[in-house]
Amino acid sequence: MSDTTHNEESIKESISFIEAFIKEDIKAGKVESHVCTRFPPEPNGYLHIGHAKAICMDFGMARKYNGQCNLRFDDTNPTKEDVEYVDSIKEDIHWLGFDWGKNEFFASDYFPRLFDFAKDLISRGLAYVDDQSAAEIAAQKGTPSEPGTESPYRSRSAEECLDLFERMNKGEFAEGSRVLRAKVDMSSPNMHMRDPIIYRIIKTPHHRTGENWKVYPMYDFAHGQSDYFEGITHSLCTLEFEVHRPLYNWFIDQLMDGSYRPRQIEFNRLNLTYTVMSKRKLLQLVEEGYVSGWDDPRMPTIAGMRRRGYTPRSIRNFVDKIGYTKVEAINDVSLLEHSVRDDLNKIAPRVNVVMNPLKVVITNYPEDKVEMMRIINNPEDETAGSREVPFSREIYIEREDFMEDPPKKFFRMGPGREVRIKGAYIVKCEDYKKDPETGEILEVYCTYDPETRSGLPGSNRKVKGLLHYVSVNHCVDVDVRLYDRLFMDVDPLGHKDKDFLEFINPDSLVLKTACKAEPSLMMAKPLDVFQFQRVGYFNVDPDSSSDKLIFNRTVALKDSWGKMQNPK
RNA sequence: UGUCCCAUGGUGUAAUGGCAGCACUCCGGUUUUUGGUACCGUCAGUCAAGGUUCGAGUCCUUGUGGGACAACCA
């Protein structure tokens, strides 16, 4: 017997460039005690699949290197933020399978220290109060290719600045009338270094600190310092912050008292084809009523995906597969859906559901007879057991499983053809009734072969077609709402200046379909996911009222999906 | 007309300077009481030109293409 483990050992683990940096830093002794990362959402919306990528990295590195990952709410702009979002963010991170323990922080916790640091910069001549308007400041900022010019207030005395800054915070001045700026370099080729604004006056109450403050720090003045206060070793963020890094480091240079400094490393943001990822646009969908809320099953939010039946593991696996690089990538949604199917396939019980019923009468089957047929719940998982499904003289099959004049490649029911009814008998189509006006098929008449009942030796006969069914007298109506993803006609990077709402695929709108279900489905609980035979994966919507089940389509099966995309 | 970042099949992602591999997609086949799953296979790639080197996807130079940055957003 050969030992197969050597194969696994010889497969080199491929790690991201970020992890390589972390390993380097550990080796170089730059990490004093343990790796410390942070996930820093602004509580101004729900988390979406893009955040999941950051969460997996931030918490993943901490977990792998026995470190810690702090949850820090970047709540420096009270005009946009709300506690509702704080709660949803925490729930979603937990659901994804990560935990920050006691390490929950708010940038607003650091307002006093940041305020003191700002005053310190003022007294050291490194910050000043500017009385100019936003337009004037912008004009002096120059352009990326031309240097800026210095503000007339740049040389204002520290005493005066200190006094004004304190009074700004007491509410003596109107919003927009004065700002505090860091004195860096107006001619820097990096726009962010041209005397960035670090404090502005905002009189909207803050969701945590109320009316304690009238001035609030800007992102650049809060983020790095917060990292420093918390002992973050690796501050991982997305590519667009790359140009902020020199400023991040500049503030830490002014702040640091020891050798420790956090290191900012940037990686690529997640983009998905046909998927709206911008928080601003998702907010618009919610506010303008295009969807029922942030957790609408069509939304690419974590909450929406949860309600739609995606599993946390499938999202983590997906993130694993797309990797972390510095390339601006557009990931194909089919990889996400593959990850979901891959996971669901192993765990989802199969059920017979007929979406669009066509009645089949088994003419040689006794009128009152009912047989309970035993059907495997999940061929991928023996432990999932089996269930009994009633079979009788009259059954429904899927309307699309019958064709009057079937082409060669059609393996299902047609005049004179034999097909197997799943878990029951092989039947032969003898005749059918058609509406002469509309051409609609009304009923199909079959005969069954009693020797071919599943489990009997006679059932070993090869038959091409296999149809799922429900018994007419035993089935129950349920509502199915076919939620599909919110589609866009364009790639996520290509629609910047257009009104994206135009691109919502009308097929994604809610459908209500009466369908026939087998009794076992009626035991379902909210969020349970099933595979509807040959149709797709569906889950019970948590919003279902007690007397009726509503299903969300999680993902379609592979082939049906293609059919939906290109209906003939 | 600035600074910074990036460039590997259709898509995403690997390769101490040493045989360009993996996954998804598409297409084809085998198995199957799901047109599902599983398994097998086909097609398909290092942006360009120089240079260093025994040897370059990798290092250097130049070019080309894409992106970020001119919010009192994060």
Side-chain angles (χ1 to χ4, degrees), chain A residues 11-12 14-16 40-42 44 74-77 79-81 107 130 133-134 137-139 141-148 175-181 188-194 196-202 215-216 218-220 222-223 237-246 266 268 273 279-280 318 321-339 341-342 345-346 350 352 375-376 378-380 409-412 420-424 426 454-455 459-460 462-468 493 531-537 557-560 562-563:
Chain A
I11 295 170
K12 265 179 282 173
S14 151
I15 63 169
S16 66
E42 183 187 17
N44 67 346
D74 234 335
D75 55 349
T76 57
N77 185 354
T79 65
K80 291 181 149 189
E81 296 149 11
D130 197 323
S133 69
I137 291 174
K141 199 135 196 177
T143 69
S145 52
E146 303 160 47
E175 286 187 17
S177 62
R178 285 188 166 86
V179 290
L180 184 69
R181 292 227 258 167
S188 168
N190 183 335
M191 298 295 286
H192 295 279
M193 302 299 273
R194 320 240 261 232
I197 292 167
I198 58 178
Y199 263 98
R200 75 292 211 193
I201 300 169
I202 297 176
V215 291
Y216 290 88
M218 299 283 288
Y219 165 84
D220 283 311
H223 202 99
C237 60
T238 45
L239 247 28
E240 66 268 25
F241 293 103
E242 214 155 22
V243 271
H244 291 247
R245 199 187 330 134
E266 309 85 10
N268 60 349
T273 53
K279 246 190 204 178
R280 203 196 92 238
F318 167 68
K321 286 177 196 171
I322 61 176
Y324 298 84
T325 66
K326 302 191 79 159
V327 184
E328 283 189 63
I330 302 177
N331 296 277
D332 198 324
V333 278
S334 58
L335 184 57
L336 203 214
E337 301 197 331
H338 170 264
S339 303
R341 280 197 306 265
D342 192 42
N345 178 52
K346 296 166 196 140
R350 277 58 168 166
N352 285 357
I375 298 183
I376 296 289
N378 184 351
E380 307 299 312
K409 301 282 271 182
F410 187 81
F411 303 139
R412 305 176 219 175
R420 186 188 301 280
I421 302 297
K422 185 176 170 65
I426 294 175
S454 286
S459 73
N460 287 334
K462 290 273 182 215
V463 181
K464 254 282 163 62
L466 175 71
L467 270 44
H468 57 279
L493 300 180
Q531 187 192 98
F532 289 9
Q533 292 286 344
R534 272 215 342 266
V535 180
Y537 294 94
L557 296 180
K558 222 172 174 181
D559 282 0
S560 317
K563 225 181 298 165

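Sequence lines set the chain letters: A, B, ... in the order given, protein chains first and strands last, and positions in each chain run from 1.
Note on K279(A) versus E42(A): no salt bridge recorded, every NZ/NE/NH1/NH2 to OD/OE distance being 4.0 Å or above.
Considering only side-chain N and O atoms, R534(A) lies under 4.0 angstrom from the phosphate OP1 or OP2 of rG35(B). Contact annotation: R341(A) side-chain N/O to rU25(B) OP1/OP2 distance is under 4.0 Å.
In the set rA74(B), rG12(B), rC69(B), rA74(B) carries the atom at the smallest distance from any side-chain atom of D74(A). Listed nucleotides: rU1(B), rA74(B), rA70(B). Nearest to the side chain of M191(A): rA70(B). For P189(A), the side-chain atoms get nearest to rG2(B) when compared with the rest of rG2(B), rC69(B), rG35(B). With distances taken from any side-chain atom of E380(A) to the nucleotides rU25(B), rU33(B), rU37(B), the minimum falls on rU37(B). In this structure, the nucleotide among rC69(B), rC73(B), rU33(B) sitting nearest to the side chain of R200(A) is rC73(B). Ranking rA14(B), rG2(B), rC72(B) by closeness to the S145(A) side chain, first place goes to rG2(B). Distance from the side chain of Y219(A) is smallest to rA74(B) among rG67(B), rG2(B), rA74(B). Distance from the side chain of K422(A) is smallest to rU33(B) among rU33(B), rC6(B), rU11(B).
Of the nucleotides present, rG51(B) is the one that pairs with rC59(B) by Watson-Crick or G-U wobble criteria, both distances under 3.5 Å. The base-pairing partner of rA71(B), taking Watson-Crick or G-U wobble contacts with both distances under 3.5 Å, does not exist among the strands shown. In this structure, rC24(B) forms a base pair with rG10(B), meeting either the Watson-Crick or the G-U wobble geometry with both donor-acceptor distances under 3.5 Å. Across every strand in view, rU42(B) sits unpaired, with no contact that passes the Watson-Crick or G-U test at under 3.5 angstrom.
If you take atom C1' in rA14(B) and the same atom in rU8(B), they sit 10 Å apart, rounded to whole Å. rA44(B) and rG10(B) have their C1' atoms separated by 9 Å, given to the nearest Å. If you take atom C1' in rA15(B) and the same atom in rA23(B), they sit 15 Å apart, rounded to whole Å. The separation of rA20(B) from rG36(B), taken at their C1' atoms, amounts to 34 Å, rounded to a whole angstrom. Rounded to a whole angstrom, the distance from the C1' atom of rC22(B) to that of rG9(B) is 12 Å. Taking atom C1' on both rG21(B) and rU58(B), the two are 15 Å apart, rounded to the nearest angstrom. Comparing the same atom, P, in rA70(B) and in rG55(B) gives a spacing of 46 Å after rounding to whole Å. Taking atom C1' on both rU53(B) and rC59(B), the two are 10 Å apart, rounded to the nearest angstrom.
In this structure, CD1 of I426(A) is placed 9 Å from C1' of rU33(B), rounded to the nearest angstrom. Per the geometry, OH belonging to Y216(A) stands 14 Å off C1' belonging to rC72(B), to the nearest Å. Atom P of nucleotide rU13(B) and atom NZ of K321(A) are separated by 15 Å, given to the nearest angstrom. Separating the CG atom of N378(A) from the C1' atom of rU37(B) is a distance of 9 Å, rounded to the nearest angstrom. As a whole-Å value, the separation of L239(A) CG from rA7(B) P is 11 Å. As a whole-Å value, the separation of E146(A) CD from rU1(B) P is 12 Å. Regarding Y324(A), its OH atom lies at a distance of 14 Å from the C1' atom of rG12(B), rounded to whole Å. For Q531(A) and rU37(B), the CD to P distance is 9 Å, given to the nearest whole Å.
Across all strands, S454(A) comes closer than 4.0 Å to base atoms (heavy-atom distances). At a threshold of 4.0 angstrom between heavy atoms, the contacts of F410(A) include nucleobase atoms, whether or not backbone atoms are also involved. When heavy atoms are screened at a 4.0 angstrom cut-off, F241(A) is found touching base atoms of the nucleic acid. Within 4.0 Å (heavy atoms only), H338(A) reaches sugar-phosphate atoms of the nucleic acid but no base atom. As judged by a 4.0 angstrom heavy-atom cut-off over every strand, S177(A) is placed among residues making no nucleic acid contact. Residue E242(A) is classed as a sugar-phosphate contact, given heavy-atom separations below 4.0 Å to backbone atoms only. V327(A) comes within 4.0 angstrom of sugar-phosphate atoms only, judged by non-hydrogen atoms across all strands, and of no base. Across all strands shown, H244(A) has heavy atoms under 4.0 Å from base atoms, whether or not it also approaches the sugar-phosphate. Among the heavy atoms of the strands lying under 4.0 Å from T76(A) are primed sugar atoms or P, OP1, OP2 only; no base atom is included. In this structure, N268(A) reaches the sugar-phosphate backbone alone: every heavy-atom distance under 4.0 Å involves primed, P, OP1 or OP2 atoms, never a base. Using a 4.0 Å heavy-atom cutoff across all strands shown, S459(A) reaches at least one base atom of the nucleic acid. In this structure, I322(A) reaches the sugar-phosphate backbone alone: every heavy-atom distance under 4.0 Å involves primed, P, OP1 or OP2 atoms, never a base. P379(A) comes within contact range of at least one nucleobase, with a heavy-atom separation under 4.0 Å. Note on K462(A): only backbone sugar-phosphate atoms sit closer than 4.0 angstrom, heavy atoms only; bases stay farther off.
Evaluation of atom-type donor-acceptor distances gives a pair under 3.5 Å for the side chain of R412(A) against the base of rG35(B).
Here the closest non-hydrogen pair linking M193(A) and S188(A) is CB-OG, 3.5 Å. Nearest heavy atom pair, residue N268(A) against residue V327(A), reads ND2-O, 2.8 Å. When every heavy atom of D75(A) is checked against every heavy atom of A107(A), the shortest pair comes out as OD1-N, 3.3 Å. Summarising the geometry of S339(A) relative to K321(A), their closest heavy-atom pair is OG-NZ, 3.5 Å, with the distance given to 0.1 Å. Across Q533(A) and N352(A), no two heavy atoms sit closer than the pair CG-OD1, 3.3 Å. Nearest approach of Y219(A) to T76(A), heavy atoms of both residues: N-OG1, 4.5 Å.
The aromatic rings of H244(A) and H192(A) lie tilted to each other, with the angle between the two planes from 30° to 60°.
Checking E240(A) against K80(A), the closest nucleotide of RNA chain B that is more toward the 5' end is the one next to E240(A). Checking N345(A) against G323(A), the closest nucleotide of RNA chain B that is more toward the 5' end is the one next to G323(A).
One finds the CG atom of D74(A) at 8.0 Å from the CD atom of E81(A) (value rounded to the nearest 0.5 Å).
No side-chain donor-acceptor contact under 3.5 Å links R420(A) to the backbone of V463(A).
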